[in-house]
Amino acid sequence: MSESPSFYALALQTACVAVNAAPDPRTCMLQSCARVLRQTLAAKRFIGKDLRLVVLPEYLLTGFPMGESAEQWAEKAAIGVDGPEYAALAEIATQANVFLAGNAYERDAHFPGIYFQTSFIINPPGEVVLRYRRLVSLFAPSPYDLWDKYRDIYGEDALFPVVETELGRLAAIASEEILYPEIARAFALRGAEVFVHSSSEVASALPTPKNIAKQARALENLAYVVSANTAGIDGIAIPRESTDGNSQIVDFRGLVIAQAALGESIAACAEIDLAALRRYRRRPGMGNILSRQPLALWRHALGNAQIQPPNTLLAVDGSLLQPSPSFYAERQQRAIERMTREKIIV
């Protein structure tokens, strides 16, 4: 790895075509890949050869489930780890000579009938070099719901993966997880320098929770955040522009250095100066928050506190439970009741 790489990154703000009502979801996904290939190649010609990292929005190929059961959505919209969709995405990385980061619903043969929301990074040769599965989700299965079995299969290192590349150390944060400081901190403690963040979120001229969090996570961890939002979602009843705009790049001081307005755009593009980041991380002073972390203090404060228990999709015998339509709402209600009993909330 270069001692001090510098390169350009792009949060590609592009439209999502939902497959909920599509007669042929798989063809629709591949058409989206072909469109993104054209847009990425055009962006490379416009920005320059030093565009090396492109981040795509959340669930770009499919949209999100709208009442489908976990089994139905896994069949309709989740892609296989060796499926044609990943091959099409790899072709984008290879033809454009970029690291391509994105997010998709993904099937896993170890857990039939459900899916995981997976953030991935593909290198220029077309290899998936990082696969991070979202750990905190209100409406979808996660490895935390299958905690014991998932760790037995994949090991601890699969939970918070960081990949070392010629662009530095990269980690992926999925969508709403930008609101959880513990997730970004876990990656930072494993050496992450650039967070790729695929999102599909409400954009506003007012400060939004996610945009505030992007700056906070960058500042707290002295890391870049490259965050791509959708340019609207087609094919569902929700108004198209509800999730459109504000794709951005935040530097390690928490400053927004590039941001897109509404619509499909390559405006969220900026230089990633890892030499400056690495100098800053080595520099003593109040701003070096990473070096000042009293982690033993946090362990003492948090102790064995339990709000959301693990393994809620595993039966006593270790078999997989299929979540019912009401499963997630009921689980959250139980968590709120537990927090009330333990006087965490009033």
Side-chain angles (χ1 to χ4, degrees), residues 1-12 40-56 89-90 92-103 119-132 157 160-173 178 184-198 214-215 217-228 247-259 266-285 287-291:
M1 184 176 66
S2 171
E3 174 60 27
S4 55
S6 172
F7 60 92
Y8 274 76
L10 168 65
L12 180 59
T40 302
L41 292 174
K44 183 93 174 189
R45 287 193 293 270
F46 187 84
I47 295 166
K49 292 183 178 180
D50 51 358
L51 174 61
R52 299 302 318 285
L53 174 64
V54 175
V55 181
L56 304 178
L89 292 165
I92 299 171
T94 298
Q95 284 203 37
N97 189 32
V98 297
F99 284 79
L100 184 73
N103 177 276
S119 292
F120 57 82
I121 299 176
I122 302 173
N123 67 8
E127 304 160 329
V128 178
V129 293
L130 182 142
R131 174 174 276 112
Y132 167 69
D157 290 343
F160 294 101
V162 175
V163 61
E164 189 161 339
T165 74
E166 62 200 74
L167 306 185
R169 294 171 175 174
L170 311 180
I173 298 175
I178 198 74
R185 180 56 48 78
F187 286 127
L189 293 176
R190 288 160 176 78
E193 298 170 311
V194 179
F195 298 141
V196 296
H197 178 236
S198 297
K214 292 166 197 174
Q215 292 181 264
R217 300 300 86 83
L219 173 64
E220 292 164 353
N221 298 291
L222 308 184
Y224 282 93
V225 174
V226 184
S227 178
S247 295
Q248 61 188 246
I249 298 178
V250 186
D251 78 2
F252 54 90
R253 299 164 297 171
L255 303 178
V256 178
I257 56 176
Q259 181 167 296
I266 61 171
C269 175
E271 183 180 24
I272 305 297
D273 187 351
L274 287 187
L277 179 151
R278 291 169 180 174
R279 285 195 305 270
Y280 199 87
R281 282 184 166 187
R282 293 193 299 265
R283 180 178 179 269
N288 195 334
I289 296 175
L290 265 184
S291 67

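Using a 4.5 Å heavy-atom threshold, the side chains of Pro5 and Glu166 count as separate. The closest side-chain heavy-atom distance from Val54 to Ile92 is not below 4.5 Å. Counting heavy atoms from C-beta on, the side chains of Glu193 and Arg278 come closer than 4.5 Å. At least one side-chain heavy atom of Gln215 sits less than 4.5 Å from a side-chain heavy atom of Val256. Contact of the Arg282 side chain with the Asn288 side chain is not registered, since no non-hydrogen atoms from C-beta on lie closer than 4.5 Å. Residues Ile272 and Val194 are in side-chain contact: their nearest non-hydrogen atoms beyond the backbone lie under 4.5 Å apart.
Applying the side chain to side chain contact (heavy atoms under 4.5 Å, CB included) test between Leu53 and each of Ile249, Val196, Leu10 identifies Val196 as the sole match.
Using bins of under 30°, 30° to 60° and over 60° for the plane-to-plane angle, the ring pair Tyr280/Phe252 lands in the tilted bin. Aromatic ring pairs are classed by plane angle as parallel below 30°, tilted from 30° to 60° and perpendicular above 60°; the pair Phe187 and Phe195 is tilted.
For Arg253, the side-chain hydrogen bond (donor to acceptor under 3.5 Å, both in side chains) partners are Asp251, not counting sequence neighbours.
Across Ala90 and Gly126, no two heavy atoms sit closer than the pair CB-O, 3.5 Å. Closest of all the heavy-atom pairs between Ala268 and Ser247 is CB-O, 3.4 Å. Here the closest non-hydrogen pair linking Ala171 and Leu130 is CA-CD1, 4.3 Å. Closest of all the heavy-atom pairs between Gly287 and Leu222 is O-CD2, 3.7 Å. Of all the heavy atoms in Thr40 and Leu12, the pair that sits closest is OG1-CD2, 4.0 Å. Shortest non-hydrogen contact noted between Ala192 and Ala223 is O-CB, 4.4 Å.
Distance check, rounded to the nearest 0.5 Å: CD1 of Ile122 to CZ of Phe99 gives 11.5 Å. Taking CG from Leu219 and CG from Leu255, the interatomic distance works out to 8.5 Å, rounded to the nearest 0.5 Å.
A donor-acceptor pair is defined here as one N or O able to donate and one able to accept, closer than 3.5 Å; such a pair exists between the side chain of Lys44 and the backbone of Leu51. Under the 3.5 Å distance criterion, the side-chain polar atoms of Tyr224 are matched with a main-chain donor or acceptor of Asp273. Proximity of a side-chain donor or acceptor of Arg52 to a complementary backbone N or O of Asn97 within less than 3.5 Å is detected. Formation of a donor-acceptor pair under 3.5 Å by the Arg169 side chain with backbone atoms of Val162 is not found in this model. With hydrogens and angles ignored, the 3.5 Å screen pairs no side-chain donor or acceptor of Ser227 with any backbone N or O of Gln248.
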Test side-chain hydrogen bond (donor to acceptor under 3.5 Å, both in side chains) applied to Asn103 and Ser119, step by step: CA-CA 4 Å; Asn103 177 276; Ser119 292; 3.1 Å; yes
So Leu290 and Arg185, side chain to side chain contact (heavy atoms under 4.5 Å, CB included) or not? Walk me through it. CA-CA 9 Å; Leu290 265 184; Arg185 180 56 48 78; 4.2 Å; yes
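Residue Arg283 places its CZ atom among 12 or fewer non-hydrogen atoms of other residues, nucleotides or ligands, all under 6.0 Å distant.
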